[in-house]
A.B. asks: 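Here it is, the structure, as structure tokens.
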Amino acid sequence: QVQLVESGGGLVQPGGSLRLSCAASGLTFSANAMGWHRQAPGKQREWVAIIRRSGITDYADSVKGRFTISGDNAKNTVDLQMDSLKPEDTAVYYCYLKPSWAARDYWGQGTQVTVSS
């Protein structure tokens with residue numbers, strides 16, 4: 001019943017910016033946190049960022065200072081503002097949600113981000 005839908009992916013040049021959005025629906029109770037993972041070709045899935053219901057955020061070292069996560073608790077949405085993009089940021093980006101009622105996480109279908117000249 002819980003569904004997450006990402007949007008905003010695309011092709012950008014190195015040094016450019018992109019903003020990803022994720023909207024969760026079907027929640028009976030509030031989420032504890034939402035965030036983002038990414039998976040580049042030939043690499044394992046990598047955690048990127050999280051924002052908790054309290055507003056506390058954390059980032060992977062690889063994106064710290066370049067990416068900013070924000071969210072709306074009432075709407076169960078989360079955004080990822082990506083600045084100073086590098087070719088190494090090329091990946092499928094997945095939104096995830098940590099529910100308050102279970103230990104399992106919910107995932108979106110992913111959105112492709114390609115950073116290339």
A.B. asks: Is there a path of hydrophobic side-chain contacts, each under 4.5 Å between heavy atoms, that joins Leu80 and Leu85?
C.D. replies: yes
A.B. asks: Once side-chain hydrogen bond (donor to acceptor under 3.5 Å, both in side chains) is applied, do any residues pair with Asn32, and if so which ones, sequence neighbours excluded?
C.D. replies: none
A.B. asks: Only counting residues at least two apart or in another chain, list the ones meeting ring pair (Phe, Tyr, Trp, His ring centres under 6.0 Å) with Trp107.
C.D. replies: His37, Tyr96
A.B. asks: Does some side-chain heavy atom of Asp89 sit less than 4.5 Å from a side-chain heavy atom of Met82?
C.D. replies: no
A.B. asks: Taking only residues at least two apart or on different chains, which pairs with a member in residues 104-117 satisfy salt bridge (charged side-chain N to carboxylate O under 4.0 Å, His left out)?
C.D. replies: Lys98-Asp105
A.B. asks: Compile the donor-acceptor pairs under 3.5 Å between side chains in residues 50-63 and protein atoms, sequence neighbours left out, one pair per line.
C.D. replies:
residue: Arg52; atom: NH1; partner: Asp58; partner atom: OD2; Å: 2.8
residue: Arg52; atom: NH2; partner: Asp58; partner atom: OD2; Å: 3.2
residue: Ser54; atom: OG; partner: Ile56; partner atom: N; Å: 3.4
residue: Tyr59; atom: OH; partner: Ile69; partner atom: N; Å: 2.8
residue: Asp61; atom: OD1; partner: Lys64; partner atom: NZ; Å: 3.2
residue: Ser62; atom: OG; partner: Arg38; partner atom: NH2; Å: 3.4
residue: Ser62; atom: OG; partner: Glu46; partner atom: OE2; Å: 3.0

A.B. asks: How close do Gly108 and Tyr94 get, counting heavy atoms only, and between which atoms?
C.D. replies: O-CD2, 3.7 Å
A.B. asks: Kindly write out the residues that satisfy side-chain hydrogen bond (donor to acceptor under 3.5 Å, both in side chains) with Thr114, not counting sequence neighbours, or none if the list is empty.
C.D. replies: Gln112
A.B. asks: If you look only at distance, which donor and acceptor atoms sit under 3.5 Å apart when one is on a side chain in residues 2-21 and the other is two or more places apart or in another chain?
C.D. replies:
residue: Glu6; atom: OE1; partner: Gln109; partner atom: N; Å: 3.0
residue: Glu6; atom: OE1; partner: Gln109; partner atom: NE2; Å: 3.1
residue: Glu6; atom: OE1; partner: Gly110; partner atom: N; Å: 2.9
residue: Glu6; atom: OE2; partner: Cys95; partner atom: N; Å: 2.7
residue: Glu6; atom: OE2; partner: Gly110; partner atom: N; Å: 3.2
residue: Ser17; atom: OG; partner: Asp83; partner atom: OD1; Å: 2.8
residue: Arg19; atom: NE; partner: Asp79; partner atom: OD2; Å: 3.3
residue: Arg19; atom: NH1; partner: Gln81; partner atom: OE1; Å: 3.0
residue: Arg19; atom: NH2; partner: Asp79; partner atom: OD2; Å: 3.1
residue: Ser21; atom: OG; partner: Asp79; partner atom: OD1; Å: 3.1

A.B. asks: Starting at CE of Met34, measure out to OH of Tyr106 and round the result to the nearest 0.5 Å.
C.D. replies: 13.0 Å
A.B. asks: Applying a strict under-4.5 Å side-chain criterion to I, L, V, M, F, W and Y, I'd like to know whether Trp36 and Val92 cluster together.
C.D. replies: no
A.B. asks: Can you check whether Trp101 reaches Thr28 side chain to side chain, under 4.5 Å on heavy atoms?
C.D. replies: no
